[in-house]
Amino acid sequence: MEKWLTTQQAAELSGYHANYLRKLIRTGRIKARRYSTLWQIDRASLLAYVRNAEKQGSKRGPKRAA
């Protein structure tokens with residue numbers, strides 16, 4: 001199992017949109033590193049964030065404008 005995921009892999013695993021994952025990276029809510037022009041997301045950090053969000057009853061991803 002890979003420790004680092006591409007943004008696309010992380011989106012498929014978590015169900016979050018890639019843009020939302022980038023926002024989580026920028027705000028420091030999940031661990032990531034930049035490799036050239038691509039972001040690599042720490043799998044354990046992402047899964048911990050998803051578990052915590054589900055435990056708190058948060059909706060997945062940002063709210064869309066109506």
Side-chain angles (χ1 to χ4, degrees):
M1 192 178 318
E2 289 289 319
K3 177 179 168 68
W4 296 99
L5 304 169
T6 65
T7 306
Q8 184 61 38
Q9 291 170 327
E12 291 171 7
L13 178 65
S14 66
Y16 292 129
H17 192 278
N19 288 336
Y20 185 66
L21 292 170
R22 289 182 193 100
K23 180 180 178 181
L24 295 176
I25 292 168
R26 283 192 307 273
T27 59
R29 293 183 179 170
I30 58 175
K31 294 179 187 175
R33 65 182 181 187
R34 193 158 187 153
Y35 183 75
S36 185
T37 60
L38 304 173
W39 280 105
Q40 295 181 328
I41 298 171
D42 179 68
R43 181 186 198 93
S45 175
L46 175 64
L47 293 177
Y49 179 85
V50 170
R51 277 192 305 272
N52 188 42
E54 288 174 351
K55 189 166 80 170
Q56 292 180 359
S58 300
K59 300 234 183 231
R60 301 187 96 169
K63 295 180 182 175
R64 294 197 297 163

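Residue numbers run from 1 in the order of the sequence given.
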Is it true that a side-chain atom of [X] and a backbone atom of [Y] form a donor plus acceptor pair closer than 3.5 Å?
X: Glu12; Y: Gln9; value: no
X: Ser45; Y: Asp42; value: no
X: Ser36; Y: Leu38; value: no

* Nearest 0.5 Å please: distance from the OH atom of Tyr49 over to the CD atom of Glu54. =>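 These two atoms lie 11.0 Å from each other.
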
- request: Measure across Leu21 and Ile30 and return the closest heavy-atom pair with its distance rounded to 0.1 Å.
  value: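 Looks like O-CD1, 4.0 Å.
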
Checklist entry - Are the side chains of Arg43 and Trp4 in touch, meaning some heavy atoms are under 4.5 Å apart? => result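 Result no, sub-4.5 Å side-chain heavy-atom pair not found.
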
Sequence neighbours left out, what passes side-chain contact (heavy atoms from CB on, under 4.5 Å) with Ala18? Give chain and number order.
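So Ala18 forms a side-chain contact (heavy atoms from CB on, under 4.5 Å) with Thr7, Arg22.
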
TODO: Please identify each residue that fulfils side-chain contact (heavy atoms from CB on, under 4.5 Å) with Ala32, with sequence neighbours left out.
DONE: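 So Ala32 forms a side-chain contact (heavy atoms from CB on, under 4.5 Å) with Ile25, Trp39, Ile41.
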
